[in-house]
Structure formats: C-alpha cells, structure tokens
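Here is the structure we will look at, set down as structure tokens.
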Amino acid sequence: MLRGGVGPPTRRPPRRLHPSLRSLATRPVTPGGRRPPTWDRCRAPARAVPPGYRAAPGRPPRRGDPMSEHEVVEEHEKGREAFESEEAYRLHCLRHSTAHVMAQAVMRLFPDASLAIGPAIEDGFYYDIDLPRTVGPEDLEAIEREMKRIVKENQRFEHERWDRETARAFFAERGQAFKLELIDGIPDDEVSIYRNRAKDGSEFVDLCRGPHVMRTGQCKHFKLLRVSGAYWRGDAKNKQLQRIYGTVWPTRKELDAYLYRLEEAKKRDHRRLGQQLELFMFHEYAPGSAFWLPAGEHIYNLLSQRMRTLLAAEGYHVVKTPMVFDKKLWETSGHWQHYKDDMFWFPEDHDAEDGEEGRILALKPMNCPSHMLIFGAQRRSYRELPYRIHDQGALHRNELSGALSGLTRVRQFRQDDAHIFCAEDQVGDEVARLIDLLDRVYGAFGLGYRVVFSTRPEERLGDDALWDKAEAALEKALQDSGLDYKLAPGDGAFYGPKIDIYLVDALERAHQCATIQADFQLPRRFGLSYVGADNQPHVPVVLHRAIYGSFERFIAILIEHYAGRFPVWLAPEAVRVMTVSEKSLEHGRKVTEALRAAGIRVHFDDSDAKIGYKIKMCHERKVPYMAIIGEKELAAGTVSVRSRDEGDLGSMTVEAFVARVAEEAKPRL
RNA sequence: GCCGGGGUAGCUCAGCUGGUAGAGCAGCUGAUUCGUAAUCAGCAGGUCAGGGGUUCAAGUCCCCUCCUCGGCUCCA
C-alpha cells in the first residue's frame, strides 16, 4: 500500500498480501532446503474420477444423475487453468477440502452453527462460522479431534449439481442463512454442491464451487491455528462471525516444516527483537508511534542518509515541508473528502465559541500535496523536467486503534517519499531508472523482490487515451528492464496505473514496500502546468514513488530478515572489545581506540565479569565481532577475534582486525 | 472501531476454587582477576495497567477506560 499515494485509503483493515502473490509465500521452507516428494499422496480428482451427481429438476437432491466422467475431468481441467502450477492447484484443493472437513467437524459439535465461507488461503484455510458461543483453544482441540475422525473415515467428496430452488430449500430448512445469500448471488441456474457421507450415516453437504481432493483421508496433516473475528462479507456493518484458521500440507514433513517456519518467524518478530536489542520502544502515552532508541536510531539514520545521498546523485531535490496545513489544502487534494477520519486535525483557535467558524488545521498524512505547492510556486519550463522532489518528513495517520501493530502499522512514520513531475513521454524513462535504483537498494540488503503491474480499474478518472499511454509507458519500461512481472488487471489506482514491488525476505515472506504510481489527476487538481517547447502550457504527469516505503516498516522487515543479526555496515555496534582480566585493560583500551579511530562503532566491556559471561552478553546483543584481550594478546600486541556468525577466528594483529572490520563496515548502499 | 486473547518487579514468567505477592535474569554493594555462550554472597526493587463495584477480605469475581496481541473481502 502506498503510504504516500493520493488514493483515498478507506477506513478498513489492511490487506496483507496481494492476491496475485498468494503462491509466493506458500513455498515450504524445509530445514534441509529440499522439498520432499509430496504429490503422490495428494491426488487431485482429475486422474481418478470421483462420483458426481446431477440433480434432476424437482427431484430430491440425493437422487441425482451421476455426472459423467468426462464432465468431471473437464471441470477440473478448467479449474486447474486458474493456477500457475499443478502444485498450486493441488494445494488449493487440499486446503479447501480441509476447510470442509473442519466445517463438518464443527457442525457435529455445534449443530446450530451457521456456515458462511471457507476458502483456501495462503498456507492454509479458514472457515467463517456463526457459532452459538465463542470458541477458545480447548474447542479447537475438540474440533481437531473430530476432524481426525473424519479424516480416518476417509469419506469421499461427492460432487453434485442441484438446481437453485432445490438448494435454497435444502439450506433454508437447515437454517443456513449465509448459504442462501450466497446462492442468491450465483447467476447460474444450477449450483455446485459437495457431499461427505460419514460412516454413521450422517452427511455434510456444502454449497461449494470446488474443486476438492478425492477423500478426506488426504487431509491428514493439518493443524488448527487460531480463531478470530471476521465480518460477513468483510463489512463491519454485517454480523461478526468467528473465523477459524488452520493449515494443511500434503505430508507430515511439510506440515512440520511450516510449523517450524512459524516458530522461526516468532523468534524473529521485530517487536521482540526491537526490545531485546533496544532498537525502539513504545509507550501507552503515544500509541502507534515509536520511540527510536540509540541503536535503532543509528539504523534509521543510516538508511535515511544513504537514501538522500543516492537520490541526490539521481538528480532529486531534497526538501523539507510543513507538518501542519490548513484543511483547504486537503480539500484541494481530495483527502479531506475521502480521508478525513484517518487524519489528525484540530481547530487553530481552541477558544473559539461553539459554532464559530475557525480555521481547521491538519497534520499531513502524505507529502504529495505540499510537493504540488512547491512545483506550482514557480513558472516551470519543460527544461526543468523531470523535476524530482524527495522528502523524508514525518507523516501522521490516525489508524484504527485495533489496526496498530509494532512498526508495521503505526500512526507516525516517515517515508523515502518522492514525486517526479515529468512530461508524458518521460514516464517510461523515469520508471526504468526507478527499477534500476530499487534493484540496487534491495540488492544491498540481500532482499529479493517480485513485481506486479496493475492496470486501470473499473472506476477511474481520466480518458482512456491517457490510460493507454500511461499503461503502455509503464509496461514498456518493465519489459525493457527484463524483470518478470505479474499483471493485475483492474488493480490500479483510480488516478493511474501502478507498479508494486513485493520484497521477499529470508523466510520467503512477501512484503509490499516500493511502489511506482502514475498520477494524472493530482496535478490537475492543483492547476499545475509547465511551459513546453511549443511555448504552450502542459499539465505534468506525477509519479509517486517510494523504495523503502516507510522507514518504520522497512526496518521491521530488515530486523526479521536478518533475525537481528545485522551485517557490520548496518549494526549499531560493530565490535565489542572485552578483557579477560584487569591485567589487559590497558591493551583493551588501545584496541578500542584503534577501532574507533577507523570509524568503527565499538564498545569496550571493561567490567570484571568472566570472559564467558561477556561473550554470552555480547551474543545476546548480536554484535558481529568480539575482540578478546588477555595477557597473550597484551604480550603479542594482537587481538583474539570471535565472530558472531563463525565463532572463534583465532588471533590476528590489531591492524589486520581493524582493516577487516573497516572493509565490512563500508556502506553497501 | 468490532470480536477474541493478554497486561503481576526493568525483562521473562509463577501465583489452585477470593485470605493480604514470588522466582530467575537485569540493578546496587561487596568478594573474586578469571581465556571463548551464566563466579559467589548480600541488598534493594510491585498503587498486581488505571478507575469504580461486590465482599469481613480482591492480583483473583463484576463493570468501565487505556494499552497490547491475533484477526476483520485473499469472496460458494
């Protein structure tokens, strides 16, 4: 999500991952790195055809005519096309099927439950259910036990087609109001139904597009993870349901690997490491706003400085703009109309009588309007274009209290924000330069990335000719870059097409950070123009762009990506010098000074603790290098070096050590 | 904002069905001068998130507020 775009972010919780990237995070990370053979145990139904039934009109649903083998195969081939790989398709079937198994189990335990939807999602599945009471962890265990029984029974997933009235009657009789709503939303005359028959003669019948695996026995390696609230159709005005999340994998090994990955992610959680490493803190007096402690501020500031330097070299003008603006600015940009609830604002005159019209001021949630003012403050020539403005000013957004989370969802943050004012025919070049730039930036951190190109949405501003031009320019730049990218038709902003970049971290999780958005609307709203070579006024195109995105979020990703083990060039503390005993204090001091003189961030642990204890403390801080100084080193004028990642490196001369660390401390960016 | 977990010493956590708060680490003081992931002893540290209520008695039960965590359109 572009935290600096002009789009009117609606007041709703964030979508976590772009749908077109769903498969990205589903890749299992096995400790050995190799993927186990899986698919022999998860057979999708196309090869072996499950019995299907078609209900004849007017007949009771159970007595349908069997769906022909050909039809079933055809259907599954069709379903498969929507997936990028056989693997993705089979996982989808497995996950969706396990959602059914869970629903079946829930219905056994809570006969009054009412089922909403239960899709397959990244890494698992969920089912939204209206339950008579709230369920807790003990209930999840009970549901799991029931699911295991169903798996053991190895029930078939029988596919049937019913006419809609039969289906309506069936679900109405069972009080399944959500299913009725879903049926009413289906345009076809027939609806698709899946049926599971239990050994005891009971049945589980669900409205479902499918496809499914053949039998419940395939859904063996699952685990229910958590339960939370979710609104029917995602709308806070609707009834809130209980959403039960689970995960499922074709093999035990993959399930274990996934659970291991969850554990690993928990260990790397930036909130936990942020406290452990004293990078930042929060206080209830400033919900959603981080306090950057010295170690964290070091990283923040380093990223900030490197980006300024980089962008200055790219021809950007670095500016600083006001924090508080008259609400008129936000009316001009359109934020006030769409986004007022997410802004912090207040009357200029606090003593104004009730009803008295005073000036309203607002903290900026985005930088773009003030950049529009800068561009518009002078008469601009085409010779000045592309005119690039970079601004790292603090932004404030009044996020929903329930949406706040660590550094990733905050109320105050800064971006490596910039706006590029250019002529229409310069868009392609600028985008190409940006792609080159972000490739360099992400490369410096060892982060991979994926690119998604989003084109015109149904509801949009501007004429189609302009959209044609913009989309063509962006796409050409993408093609020229040689990058793989995915197309997301209709996912663009209402004011222009965009390119979103998803970072892939060490745990193969995707995070949206960078974005490049073309905007044809904002310059018009601000009445901007430049004088062209033809001596006529032209409206510039604006590119909204960010590479880190917000510093807060990017640092959170870095913390988790590195698991707190920052490389020397980023680490707040590069070396800790420690003495074995007081006898070597003097030499320790000298070594510390030598490192400091070389510009290395070093701390001298001259306490009287034992060396083993000092090493342990240092490990907990994840300092990359330890220089151990004892009487041997004192006599030889050396240091004994221990690396965080490689262990004891033996002794070397002070000069060699300083040179080694200095080399690693050079900014990679 | 909504649903559901949490909030006990700086940190991690214990405290059963109500009977007046505890451990480890960190801190301080002292001893110890030690060779690659925890030296010993002593001391100090809490309005049990905040407020209200029930009770002879509340960390524990009830209500309100704040903060925090998991979620809240990956659409049969």
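Residue numbers start from 1 in every chain, and the chains themselves are labelled A, B, ... in the order their sequence lines are given, proteins ahead of strands.
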- A:F566/A:I559 under side-chain contact (heavy atoms from CB on, under 4.5 Å): CA gap, chis, key distance, verdict: CA-CA 8 Å; A:F566 294 105; A:I559 292 169; 3.7 Å; yes
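- Atom CG of A:L241 is separated from atom C1' of B:U73 by 12 Å (rounded to the nearest Å).
- Put simply, CG on A:D341 is 15 Å from P on B:C2, counting in whole angstrom units.
- You'll find the side chain of A:R195 reaches within 4.5 Å of the side chain of A:V205, heavy atoms only.
- The pairing partner recorded for B:G35 is none, the criterion being a Watson-Crick or G-U wobble arrangement whose two distances lie under 3.5 angstrom.
- Among the atoms of the strands shown, base atoms are found under 4.0 Å from some heavy atom of A:I186.
- Partners of A:K239 under the salt bridge (charged side-chain N to carboxylate O under 4.0 Å, His left out) rule, at least two apart in sequence or in another chain, are A:D130.
- Pairing for B:A23 goes to B:U12, judged as Watson-Crick or G-U wobble with the two contacts each under 3.5 Å.
- Listed by chain and number, the residues in a salt bridge (charged side-chain N to carboxylate O under 4.0 Å, His left out) with A:E560 are A:R509 (sequence neighbours excluded).
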- Query: Where along nucleotides 34-44 of chain B does protein come under 4.0 Å, by heavy atom, of base (B) or sugar-phosphate alone (S), with - for untouched nucleotides?
  - Reply: BBBBBS-----
- Message: I'd like to know whether A:H212 forms a side-chain contact (heavy atoms from CB on, under 4.5 Å) with A:C93, so could you lay out the CA-CA distance, the side-chain angles of the two residues, the decisive distance to 0.1 Å, and finally the verdict.
- Response: CA-CA 5 Å; A:H212 283 285; A:C93 289; 5.8 Å; no
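- To the nearest whole angstrom, the two P atoms, one in B:C66 and one in B:U12, are 24 Å apart.
- Checking B:C72, B:G70, B:C74 against every side-chain atom of A:I121, the shortest atom distance belongs to B:C74.
- Contact annotation: A:R226 side-chain N/O to B:G71 OP1/OP2 distance is under 4.0 Å.
- In this structure, B:G42 forms a base pair with B:C28, meeting either the Watson-Crick or the G-U wobble geometry with both donor-acceptor distances under 3.5 Å.
- Between the side chain of A:R565 and the backbone N or O of A:K622, no donor-acceptor pair lies under 3.5 Å.
- Atom P of B:A49 sits at a distance of 6 Å from the matching atom of B:U8, rounded to the whole Å.
- Atom C1' of nucleotide B:G1 and atom CG of A:D342 are separated by 11 Å, given to the nearest angstrom.
- Across residues 264-282 of chain A, A:R271, A:Q275 each have a non-hydrogen atom less than 4.0 Å from an atom of RNA chain B (numbered order).
- Contacts of A:I183 with the nucleic acid, taken as non-hydrogen atoms under 4.0 Å apart, are absent.
- For A:D605 and A:S607, the side-chain atoms include at least one donor-acceptor pair closer than 3.5 Å.
- A donor N or O paired with an acceptor N or O is found under 3.5 Å between the base of B:G1 and the side-chain atoms of A:Y231.
- When the C1' atom is used for both B:A58 and B:G53, the distance is 11 Å, rounded to whole Å.
- Applying the salt bridge (charged side-chain N to carboxylate O under 4.0 Å, His left out) test to residues at least two apart or on different chains, the pairs with a partner in residues 178-187 of chain A are A:R168-A:D184, A:K179-A:D206, A:E181-A:R233.
- For the residue pair A:K614 / A:T579, a side-chain donor-acceptor distance below 3.5 Å is found, with atom types taken as modelled.
- Using a 4.0 Å cut-off between charged side-chain N and carboxylate O, A:R589 and A:E586 make a salt bridge.
- Between A:L131 atom CG and B:G4 atom C1' there is a gap of 13 Å when expressed in whole angstrom units.
- The distance from atom CG of A:D235 to atom P of B:G71 is 21 Å, rounded to the nearest whole Å.
- Judged by distance alone, the side chain of A:R576 and the main-chain N or O of A:H619 form no donor-acceptor pair under 3.5 Å.
- Remark: A:R226 qualifies as a cation-pi partner of A:Y245 under the 6.0 Å distance and 45° angle criteria applied to the six-membered ring.
- Taking atom C1' on both nucleotides, B:C2 is separated from B:G59 by 29 Å, rounded to a whole Å.
- A:F125 comes within 4.0 angstrom of no nucleic acid atom, judged by non-hydrogen atoms across all strands.
- In a base pair of the Watson-Crick type (N1 to N3 plus N6-O4 or O6-N4) or a G-U wobble (N1-O2 and O6-N3), with each distance short of 3.5 Å, B:C72 is matched with B:G1.
- Nucleotides of RNA chain B nearest to A:R243 and A:C208 differ in position, and the one nearer the 5' end is that of A:R243.
- The CG-C1' distance, from A:N238 to B:C72, rounds to 12 Å in whole Å.
- Using a 4.0 Å heavy-atom criterion, one finds that A:G650 contacts no nucleic acid atom at all.
- Between the side chain of A:T98 and the backbone N or O of A:V248, no donor-acceptor pair lies under 3.5 Å.
- In this model, the phosphate group of B:G70 is approached by a side-chain N or O of A:S405 to a distance below 4.0 Å at OP1 or OP2.
- Taking atom OH of A:Y285 as the reference point, atom P of B:U68 lies 14 Å away to the nearest angstrom.
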Review item, nucleotides 46-50 of chain B N/O atoms under 3.5 Å of protein N/O:
none

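- Between B:A26 and B:G45, the distance separating the two C1' atoms is 11 Å to the nearest Å.
- The CG atom of A:L400 sits 13 Å away from the P atom of B:C67 (whole-angstrom rounding).
- For A:T653 (side chain) and A:A656 (main-chain N/O), a donor-acceptor pair under 3.5 Å exists by modelled atom type.
- Here A:G124 lies out of heavy-atom contact (under 4.0 Å) with every strand.
- Put simply, A:S228 has no side-chain N or O that comes within less than 4.0 Å of OP1 or OP2 on B:C72.
- A 4.5 Å side-chain heavy-atom check between A:L585 and A:F604 finds at least one atom pair inside the cut-off.
- B:G10 and B:G46: their P atoms are spaced 8 Å apart (whole Å).
- Both distances falling under 3.5 Å, in either a Watson-Crick or a G-U wobble arrangement, place B:G6 opposite B:C67.
- Of the P atoms belonging to B:G71 and B:C62, the separation is 27 Å, rounded to the nearest Å.
- Separation of the P atoms belonging to B:C25 and B:U39 is 11 Å when rounded to the nearest angstrom.
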